[in-house]
Undergrad: 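Take a look at this one; I'll ask things after.
Chain identifiers are assigned alphabetically (A, B, ...) following the order of the sequence lines, protein sequences preceding nucleic acid strands; residue numbering begins at 1 within each chain.
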Amino acid sequence: MLTWLKKDTFIKDILFLLLVSIAGSAIFAIGFALATDKYFAQAVTGIMGDFGEYDLLFQTKEELKGAMVRQIREVIAEHFPGAKLKAGISIIGKASYFLSLPPQYKTKTVYESLASYFNNLPGNGGYSVMTEPRVNITSVPSGIFNKLSQEIEGIPGVKFTFHDGDSIGVIINDIHASRTVTSQINQVLRRYQILEVRLSSRHKPEELISMGKKVSQSLLGINGTRYVQDITLASGSDDSQYLMNTLLEFKRFLLAYTSQVKIVPDFGSSVEIGDLLVLNGQNTTKIKTGGILQPLEVVVKVNAKDGAGIQGMIIQGDAGFVVDNRAFKLLPGDKVGAEVGTIEVANRKNQLVYAMDQGVKLLTKINSAISDFNKSTGGAGMTVHGIEKSYQKLAEVRGALAAVSSSVNSLSGKANRENLARMVALVNGAGNDLDYLSKTFGRVQILENRFNQALEGLQSTQFVMGSSLLQNAVGQTGGIADKMQLLNSQLGVVESAVRGRVKHLDDFVNRFNPLVAVLLSWRNKAREFAIQADNFGAVFTPGTKNYRDLMRLISSTDQVIAKITAFDMVTVRTGLNAISNHMFGSDKIDLSSLISELEKAKDSLPKLMDEEIGHSVNLIDRYAGGSSMPGEQLQIFTSSRLEQSSAEGVIRNTLGSDQAMVYSLPVGTVQPDIRGELFKILAEVRSTIAALVIMILWVLTFILDQSLIISMLKMTQESILPQRHFKEGSWRERVYRILMKVLAPANCYAALTGGVWLSLAFLLAGARVPYLNFWAIAVIGGILGMIISLIAEKINPICKDEVLAGLSLGLPFKTIMREIVVPAGRPGILQFLNRWRMVMK
Amino acid sequence: MLKITGLTKSYGHKRALNGVELKVKKAETVVIMGPSGCGKSTLIRCINRLTEPDGGSICLGDEEITTLSFPRLLKIRQKIGFVFQHFNLIERLSTLDNVAFALRLHGTKPEEANWRAEVALSQVGLRHKLTDKPRELSGGEQQRVGIARALALGPEIMLWDEPTASLDPILVGEVIDVMEELVCEGKTTMVIVTHELFFARRAADRIVFMDRGKVVEEGPPEQVLETPVSEIGKKYHSLLRR
């Protein structure tokens with residue numbers, strides 16, 4: 001080896017040429033790339049400022065930059081005095097401005113509020129946070145923002161975190177801590193994972209909520225997992241989740257509230273989900289096939305087709321407008337198609353309002369009925385008292401009548417005037433009392449009738465309240481339905497309690513009715529007698545009419561007194577006490593408040609047309625669909641300890657579906673800041689530029705230098721190649737020729753040199769071509785070398801005559817190359833280096 | 001001096017030399033003639049292995065040329081002067097440098113090499129053209145430079161491959177004159193391939209006729225040109241009679 005090294009051969013010249021050309025090209029490429037890199041780096045610094053110089057970047061349309069700047073300055077004056085605003089460069093019609101915040105404003109509160117300070121910038125202008133040093137964590141699901149932020153803020157070196165779109169921005173105290181902080185952030189992120197459950201079919205947002213909850217609960221404890229959170233519909237903070245839930249509940253109410261349309265297609269007609277049907281509404285001319293849809297016609301969209309039939313939702317007009325049940329298909333372009341069937345409309349809104357109206361009326365009747373009932377019990381008590389008082393009066397009248405009778409002069413037949421006067425006065429008094437008694441009892445009877453009516457009302461109200469029609473109209477749960485159910489149950493209590501008491505009242509009336517009638521009959525007779533006695537004097541000669549009337553009155557009075565005496569007052573009083581007992585539950589039920597609540601509920605019902613309800617439902621679906629996954633997947637946030645394989649089995653079990661696929665995703669990705677990214681890109685640009693320069697230098701080197709060597713090799717290789725003779729035209733001869741051509745020394749040299757040169761130059765210069773590694777570059781170099789070999793003699797022709805002359809003069813190969821071939825070749829590194837080797841300069 | 005035995009050479013399937021037998025004595029001038037494509041140039045280039053023969057033997061003195069190692073061959077070539085049909089001068093070098101070229105590269109000191117080159121150029125009558133470049137010379141002058149270059153090394157044998165074929169008739173004369181002078185000197189063995197019949201008749205010790213890669217007739221000029229036995233000889237004979 002050493003002997004060879006000491007020898008003076010042209011091979012050493014070639015090796016030296018390779019060394020110089022590769023090294024020189026690499027150095028040149030590095031220098032060129034560095035110069036370009038420096039230029040672009042300066043441009044970047046000019047665009048972005050020095051490290052940490054600016055905090056916010058604003059961009060807007062060029063023509064609106066003045067307005068934006070004014071608005072920003074106003075904000076600065078109000079909220080960030082001392083902040084500096086600087087104009088950046090304009091690119092593609094967009095102006096940019098940089099804002100530096102004073103240190104006291106670089107706080108979490110400020111950064112979290114930036115959106116509120118800088119919203120609605122003119123020209124849809126926006127801002128980006130540029131504060132450095134900073135680490136961005138991107139692709140963080142919004143539902144876990146707060147949790148991650150809290151953990152990251154606990155890392156030493158982190159100043160604070162803030163929400164930046166769908167990223168978490170982490171402001172670091174010091175650039176030197178950046179690497180450590182980034183590493184620790186990665187550790188935090190690695191502690192968790194997002195399990196994405198891909199479902200086999202679409203689900204409504206409300207279904208996703210319940211499925212997410214079920215799945216989350218089922219995963220607790222698996223592989224020791226203690227933290228699981230469903231973040232499927234968490235499009236923002238907890239507030240958004242609440243809004244979502246509220247919207248979904250409201251949607252459910254609206255769907256229950258809107259009119260139900262059931263479609264019955266004609267024989268031979270086909271109605272599918274998504275079809276539009278048009279019905280006669282308030283339009284003046286009736287719908288005809290071939291006509292155009294009118295604004296006052298009612299349009300129904302078919303939204304369900306299952307075992308229960310074909311259902312639809314009104315999307316134009318209202319159920320109250322529908323005048324007949326014929327349905328026509330609505331074709332694209334608002335053209336009316338053929339009649340397809342009939343429809344049945346259940347106008348739930350109206351049903352609900354009617355039920356509430358009826359409820360209010362009936363409750364009011366009940367309320368007054370109960371009040372009346374109370375009055376009636378008082379009246380009944382007064383009736384009993386009246387009869388007792390009447391008994392006393394009657395007894396006095398009896399005594400007065402007896403006195404009159406005993407005071408009659410047997411001769412004249414005249415009664416004692418004083419006795420008579422007293423008797424008349426007593427009869428009149430008793431008559432007045434009985435009048436009052438009659439009225440009182442009459443009121444009791446009236447009240448009893450009304451209460452019976454109220455009782456009937458109670459029954460019918462209960463019937464309506466408890467009917468499935470009304471229940472379905474208001475839905476299964478919800479404030480109104482709850483009130484309806486409560487009311488219904490309370491009415492039931494009232495009704496059963498009242499029924500028992502009404503019976504008592506009936507008994508009372510029935511008992512007292514005959515007695516009162518008797519008393520009233522006695523009163524009439526007694527009054528007649530008193531008038532008679534008072535007017536014409538009292539001659540009660542036995543056998544006379546007066547005497548007979550007197551006797552009759554005395555007898556009648558005795559009968560009435562006997563009847564009163566026989567009346568079971570004790571029982572009646574007991575019954576009245578029972579009636580008077582207000583503990584039948586009505587005091588537990590504040591019917592007045594209930595009536596008031598029902599009226600408020602009726603007033604609070606949405607005053608929406610069906611088309612407005614349909615539109616609102618669609619909007620809610622769009623919002624819910626837009627803020628969640630597309631209805632086909634769940635996202636579960638949990639510890640990374642939970643193995644995907646374990647989770648998958650549990651989840652499939654919980655959902656009852658083998659089709660559900662579970663994937664584990666990271667909770668976020670740490671991204672370097674823009675400056676880092678830009679400089680990374682610049683580095684790649686630098687390496688690509690170096691690669692381009694190397695390629696150019698390769699071409700130059702091979703055209704100017706290597707082609708000469710290759711040409712020489714081609715000229716002399718015939719003497720090197722083994723001569724084999726095969727039969728002319730035979731396949732062996734053809735194969736041999738091809739092999740000799742391909743594997744000729746010149747080709748081999750060219751391929752080898754080309755590959756080695758290019759790959760080494762790339763390696764030294766740090767050049768890189770996207771998607772191509774070292775070996776690929778070597779292969780490309782070899783292929784290019786072969787191409788150069790094919791055209792070497794055209795690029796760098798050799799004067800064969802001169803070479804022959806040199807050979808004939810006994811000159812060795814190296815001398816021929818140095819003295820004849822190279823000096824006559826293209827000017828290049830080879831020729832330059834050869835000058836030091838030449839004898840005949 | 002030179003002995004060629006059973007020399008063969010093929011280019012692909014074309015047989016250029018088909019067992020050539022030739023002997024050349026020392027200081028002899030042998031002229032090889034024949035129709036185009038008969039193998040004359042191939043034969044002469046095989047002698048110093050500018051063309052590698054396929055088979056046969058070439059002995060120059062005691063050296064078997066065909067089996068020599070390459071370094072040894074180079075040494076032997078220094079003893080063989082070669083004059084090409086197309087002059088084969090080095091375009092970038094002056095007349096003097098062209099002639100001194102080989103001397104300098106073989107280690108001769110510049111002064112001596114230049115002196116010897118000048119002597120050689122004097123021999124061919126071009127001493128006044130020392131600094132001219134080949135493109136500044138006429139064809140005849142270039143060929144004379146070529147002759148001087150071959151002579152400068154002091155060869156034992158000179159091989160001439162149709163030295164006048166590229167020259168117009170006017171310039172042929174000056175080269176022929178140089179050749180005749182050299183022949184007359186009688187110091188150098190010469191093997192000349194030429195179509196110059198009259199030169200051959202005047203200068204050759206022996207004429208060799210070749211046809212289809214073989215020597216078909218050889219002998220003194222008066223023999224082969226006056227009473228040829230080969231077809232080629234007869235043709236040349238008829239040319240002379242014209």
Undergrad: Once you round to the nearest 0.5 Å, how far does CG of B/L74 lie from CD1 of A/I816?
TA: 7.5 Å
Undergrad: For the side chain to side chain contact (heavy atoms under 4.5 Å, CB included) test, which of A/E802, A/M840, A/K841 pairs with B/R92?
TA: A/M840
Undergrad: Working to the nearest 0.5 angstrom, can you tell me the gap between B/I80 CD1 and A/S808 OG?
TA: 10.0 Å
Undergrad: Counting heavy-atom pairs under 4.5 Å to chain B, which of A/T815, A/V803, A/L807 comes out on top?
TA: A/L807
Undergrad: Does CZ in B/R212 sit with more than 12 non-hydrogen atoms of other residues, nucleotides or ligands closer than 6.0 Å?
TA: no
Undergrad: Identify the two heavy atoms, one from B/R77 and one from A/G810, that lie closest to each other, and give their separation to 0.1 Å.
TA: CB-CA, 3.7 Å
Undergrad: Side chain from CB out, backbone as N, CA, C, O: work out which of these in B/F101 comes under 4.5 Å of a heavy atom of chain A, or both, or neither.
TA: both
Undergrad: Considering residues, nucleotides and ligands other than A/F774, do more than 12 of their heavy atoms fall under 6.0 Å from its CZ?
TA: yes
Undergrad: For the interface with chain A, which of B/N48, B/I76, B/D97 has the highest count of heavy-atom pairs at distances below 4.5 Å?
TA: B/D97
Undergrad: Is it true that, when you exclude B/F199 itself, more than 12 heavy atoms of the residues, nucleotides or ligands shown sit nearer than 6.0 Å to its CZ?
TA: yes
Undergrad: Report, as yes or no, whether the 6.0 Å neighbourhood of atom CZ on B/R72 holds more than 12 heavy atoms from other residues, nucleotides or ligands.
TA: yes
Undergrad: Taking all non-hydrogen atoms of both residues into account, name the closest pair between A/E819 and B/L105 and its distance.
TA: CG-CD2, 3.6 Å
Undergrad: Is the number of heavy atoms from other residues, nucleotides or ligands within 6.0 Å of CZ (A/F28) greater than 12?
TA: no
Undergrad: Pick one of side chain, backbone, both or neither for B/R49, based on which atoms fall under 4.5 Å of a heavy atom in chain A.
TA: neither
Undergrad: Should we count OH of A/Y39 as having more than 12 external heavy atoms under 6.0 Å?
TA: no
Undergrad: At what distance, to the nearest 0.5 angstrom, does OG1 of B/T51 lie from CG of A/L804?
TA: 8.0 Å
Undergrad: Is there side-chain contact between A/D801 and B/F84, with at least one heavy-atom pair below 4.5 Å?
TA: no
